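Structure first, commentary second.
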There are 2 protein chains.
Amino acid sequence: MNHIDTKERILDAAEHLFARDGFHRTSLRAITGEARVNLAAVHYHFGSKEALLDAIFERRLDPMNRSRRESLEALVESARRKGERPAVRDALRAFILPALSLAEGGGGDFMTLVGRTFAEPDDALRGLFMSRMQPLFLLLFETVAEALPALSRETLFGRLQFALGAMGHTMCRRGRFSILPEGISPTGDPAAQAEALIHFVAAGLEAP
Amino acid sequence: MNHIDTKERILDAAEHLFARDGFHRTSLRAITGEARVNLAAVHYHFGSKEALLDAIFERRLDPMNRSRRESLEALVESARRKGERPAVRDALRAFILPALSLAEGGGGDFMTLVGRTFAEPDDALRGLFMSRMQPLFLLLFETVAEALPALSRETLFGRLQFALGAMGHTMCRRGRFSILPEGISPTGDPAAQAEALIHFVAAGLEAP
DNA sequence: GTCTATACGATGATAGAC
DNA sequence: GTCTATCATCGTATAGAC
């Protein structure tokens with residue numbers, strides 16, 4: 001009867017260790033050790049190490065993306081009612097703020113894991129993440145296309161790739177900077193950093 | 001007497017396979033198989049799988065970064081002589097064009113590997129790359145700081161992180177797009193894509 | 001249905017013969 | 001310098017206890 005506890009304990013331990021050490025460097029034995037379950041429980045409940053990662057995504061990403069979708073659709077609808085175009089910044093905010101909320105509400109490990117997986121060299125792992133993100137990326141693309149009708153779809157697509165790269169890298173590093181010029185102590189405020197990111201990306205997308 | 005050939009053959013095979021399959025998914029046995037050398041030769045010549053990756057970086061990254069450094073220093077010097085400020089776009093070009101040249105001149109595998117490592121979740125691997133890049137990143141920071149004196153150093157540092165994220169992600173993916181909206185067939189011209197990237201990033205850095 | 005014990009092939013690393 | 005042999009550890013698979 002404690003199979004739910006077992007699954008949740010495995011998910012919690014794996015989320016924490018995958019975020020801290022990366023997928024490939026985390027062994028199933030480390031996960032089952034931290035979760036205090038048997039090694040074979042992972043394969044019984046999830047099937048494989050990769051499927052365990054997928055289950056982590058399912059648990060947190062799907063609800064977060066539903067919230068993002070609702071915000072984006074409300075933004076487009078509201079702009080249409082007023083006969084205006086949606087603002088690029090509002091579209092970016094609808095995409096970024098749910099991630100910020102999750103990160104500040106105890107889901108910091110997960111957001112680090114998301115950023116790492118978006119930048120993942122291993123296409124099999126990246127595919128797990130991207131297949132859940134693709135519909136939302138397409139919606140973001142169409143929303144920004146409405147906001148910036150002067151850009152060709154090809155140009156906008158290229159710029160959105162750059163924008164996602166900047167956003168993914170920011171989420172992935174989450175304040176862990178590798179290079180620090182003399183006298184720089186970066187702000188630790190995630191909300192301010194999110195606004196700076198939105199400002200940067202919006203300027204790039206809106207470039208002539 | 002063929003130890004030089006052995007080292008070079010291992011480096012070539014490892015560069016190719018690390019770029020194609022990623023570091024963790026490439027086994028030493030696959031590398032030594034392709035290079036047609038004994039498994040233990042890797043540890044004799046390089047010491048470990050990680051040290052092999054580091055040797056790959058040393059072989060290509062150090063010459064490329066010397067070229068970047070010369071371009072950046074020439075840019076700053078030329079602007080000072082004319083009593084002007086360097087242009088953000090020129091600084092970005094000095095940084096990006098050597099990578100583009102290498103990619104188009106047969107070093108495509110290496111540039112893919114660089115992009116992958118910049119986005120690498122494993123801090124040990126990422127550190128190998130970052131320690132070689134740090135001096136150049138600092139020079140890029142100081143150059144852009146001269147180009148944009150109105151920005152505080154904290155603001156500029158944050159924006160440069162976003163910019164490096166966009167650049168790294170672009171190099172990492174190198175035309176392999178995961179999401180393609182209806183009717184989009186992205187340009188395959190690397191030079192045009194590099195200019196679009198410079199345009200995007202410059203707009204973000206120069207935002208008010 | 002849940003969970004455990006145990007074993008399998010492959011991996012990175014190492015020691016020592018030549 | 002090069003090679004063979006060997007090691008601990010990895011993800012995975014399965015048989016069987018409760």
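Nothing here was measured: the structure is a model prediction, and the numbers come from that model. Naming: A, B, ... by sequence-line order, numbering from 1 per chain.
- For Ser27(A), counting side-chain heavy atoms from C-beta on, the closest listed nucleotide (dT6(C), dA13(C), dC10(D)) is dC10(D).
- Place His24(A) and Ala40(A) on DNA chain D by their nearest nucleotides, and His24(A) ends up nearer the 5' end.
- Among the protein residues, Thr32(A) comes within range of no part of the nucleic acid, since none of its heavy atoms lies under 4.0 Å from any strand.
- Side chain of Leu28(B), nearest nucleotide from dA13(D), dG1(D), dG12(C): dG12(C).
- Salt bridge present: Arg132(B) and Asp62(B) bring a charged side-chain N and a carboxylate O closer than 4.0 Å.
- Between its two ends, the helix from dG1(C)-dC18(D) to dC18(C)-dG1(D) turns its axis by 10°, counting five pairs per end and rounding to 10 degrees.
- For residues 190-202 of chain B, the set of pairs meeting the side chain to side chain donor-acceptor pair (under 3.5 Å) definition, not counting sequence neighbours, comprises Arg89(B)-His199(B), Arg93(B)-Glu195(B).
- OP1 and OP2 of dT14(C) both lie 4.0 Å or more from every side-chain N or O belonging to His43(B).
- With salt bridges taken as basic N to acidic carboxylate O contacts below 4.0 Å, none links Lys49(A) and Asp54(A).
- Nearest to the side-chain atoms of Ser48(A) among the listed nucleotides dG11(D), dC3(C), dT12(D) stands dT12(D).
- Distance from the side chain of Thr6(A) is smallest for dC3(C) among the nucleotides dA13(C), dT12(D), dC3(C).
- The aromatic rings of Phe118(A) and His169(B) sit parallel to each other, their planes meeting at less than 30°, with 60° as the upper class boundary.
- Here dC3(D) is the nucleotide among dC3(D), dC3(C), dT12(D) with the atom lying nearest to any side-chain atom of Asn38(B).
- No cation-pi contact links Arg116(A) to Phe23(A), judged by a cut-off of 6.0 Å to the six-membered ring centre and 45° from its axis.
- No salt bridge links Glu34(B) with Arg9(B); every basic N to acidic carboxylate O contact stays at or beyond 4.0 Å.
- Rounded to an integer number of Å, the gap from CZ of Phe46(A) to C1' of dC3(C) is 14 Å.
- Projected onto DNA chain C by closest heavy-atom contact, Tyr44(A) and Arg29(A) fall at different nucleotides, the more 5' of which corresponds to Tyr44(A).
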